[in-house]
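This report refers to the structure that appears directly beneath it.
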Amino acid sequence: MDLAKQAKIVDNIHDTLSDFIGTKIKVRANMGRSKIVENEGILTQVHPRLFIMEIERKRGRTARQSFQYADVLTGMVELSRDGEPIFDSFIDDTPIEPSPENVMLFKDEVEEHILS
């Protein structure tokens, strides 16, 4: 995916999240080393490259947490509202089907290697 397309997607994420300011959103963030954090909170602010949520903690305390739009783009942060994801996957994980002529070339190479 080229940089211009990524920048446009990040701008679209920003614009979409602007509509959700003040609403409760669930965040599932991959923090690395097999650590996944799930929180629910209110989206309070959106900035050009990140957004801020107010997360409810134990005993009525709140904490602010910020996330980058790039992490939403790469799938490191997933956002949902009422159990439905706000964004679909931006990265296409479907395998690329090889063209028939490339398969035949590979098949010929394997047969030659086996015969020799």
Side-chain angles (χ1 to χ4, degrees):
M1 186 181 317
D2 64 341
L3 289 176
K5 187 175 181 180
Q6 290 176 3
K8 185 175 180 177
I9 292 172
V10 167
D11 289 340
N12 289 339
I13 293 170
H14 173 269
D15 295 341
T16 301
L17 286 180
S18 294
D19 297 336
F20 287 100
I21 291 177
T23 60
K24 188 175 269 195
I25 295 176
K26 185 174 182 179
V27 177
R28 185 173 192 268
N30 183 342
M31 306 300 269
R33 293 190 176 226
S34 302
K35 183 178 180 183
I36 295 177
V37 177
E38 291 187 20
N39 289 316
E40 197 168 25
I42 306 291
L43 179 63
T44 57
Q45 298 175 21
V46 291
H47 296 281
R49 296 292 167 233
L50 59 91
F51 60 97
I52 299 174
M53 294 188 59
E54 215 167 83
I55 308 292
E56 300 255 345
R57 297 286 184 205
K58 295 179 181 177
R59 293 179 256 187
R61 294 174 41 189
T62 59
R64 287 194 184 129
Q65 217 166 3
S66 64
F67 301 96
Q68 295 182 1
Y69 302 122
D71 291 335
V72 176
L73 172 67
T74 59
M76 299 298 286
V77 173
E78 298 171 7
L79 303 170
S80 61
R81 182 172 178 228
D82 300 329
E84 295 293 321
I86 296 175
F87 302 103
D88 292 328
S89 177
F90 295 105
I91 300 173
D92 187 14
D93 291 338
T94 57
I96 299 171
E97 291 293 323
S99 62
E101 55 273 359
N102 289 344
V103 172
M104 292 306 293
L105 288 173
F106 180 71
K107 184 177 176 184
D108 292 341
E109 290 175 13
V110 170
E111 288 177 357
E112 284 179 23
H113 183 64
I114 291 173
L115 295 175
S116 48

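When reading the values below, keep in mind they use all heavy atoms of this one structure, side chains included, and skip hydrogens, waters and symmetry mates. Position 1 is the first residue of the sequence; numbering continues from there.
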_Greater than 12 external heavy atoms within 6.0 Å of Glu56's CD_ = no

*Count the heavy atoms of every other residue, nucleotide or ligand shown that sit under 6.0 Å from CZ of Arg57, and state whether that count exceeds 12.*
yes

On a heavy-atom basis, which atom in [X] and which in [Y] lie closest, and how many Å separate them?
X     : Y     : result
Gly41 : Met53 : O-CE, 3.4 Å
Val10 : Leu73 : CG2-CD2, 4.2 Å
Tyr69 : Pro48 : CE1-O, 3.4 Å

Could you tell me the separation between the [atom1] atom of [X] and the [atom2] atom of [Y], rounded to the nearest 0.5 Å?
X     : Y     : atom1 : atom2 : result
Leu43 : Arg81 : CG    : CZ    : 10.5 Å
Leu50 : Gln65 : CG    : CD    : 12.0 Å
Thr62 : Glu54 : OG1   : CD    : 4.5 Å
Lys8  : Asp11 : NZ    : CG    : 9.5 Å
Asn39 : Ile25 : CG    : CD1   : 12.5 Å
Glu78 : Lys26 : CD    : NZ    : 10.5 Å

*Between Asn30 and Val77, is a side chain to side chain contact (heavy atoms under 4.5 Å, CB included) present by the stated rule, with each step listed?*
CA-CA 6 Å; Asn30 183 342; Val77 173; over 6 Å; no

*asked:* Contact between Ile52 and His47 at the side-chain level, heavy atoms closer than 4.5 Å - yes or no?
replied: yes

*asked:* Donor-acceptor pair, distance only, cut-off 3.5 Å: does the side chain of Asp82 make one with the backbone of Glu84?
replied: no

*Okay, side chain of Ser66, backbone of Phe51: is any donor-acceptor separation there less than 3.5 Å?*
no

_Side-chain heavy atoms nearer than 4.5 Å, only ILVMFWY residues, links allowed to pass through others: does that put Leu79 and Ile9 together?_
yes

*Does Val72 belong to the same Ile/Leu/Val/Met/Phe/Trp/Tyr cluster as Ile86, with side-chain heavy atoms less than 4.5 Å apart forming each link?*
yes

_Arg28 vs Glu38, salt bridge (Lys or Arg N to Asp or Glu O under 4.0 Å): CA-CA, chis, key distance, verdict_ = CA-CA 4 Å; Arg28 185 173 192 268; Glu38 291 187 20; 3.1 Å; yes

_Members sharing Val37's hydrophobic cluster (side chains within less than 4.5 Å)_ = Met31

Only distances under 3.5 Å count here; give the side-chain donor-acceptor pairs of residues 15-24 to other protein atoms, sequence neighbours excluded, each with its distance to 0.1 Å.
from: Thr16; atom 1: OG1; to: Asn12; atom 2: O; distance (Å): 2.8
from: Ser18; atom 1: OG; to: His14; atom 2: O; distance (Å): 2.9
from: Thr23; atom 1: OG1; to: Phe20; atom 2: O; distance (Å): 2.5

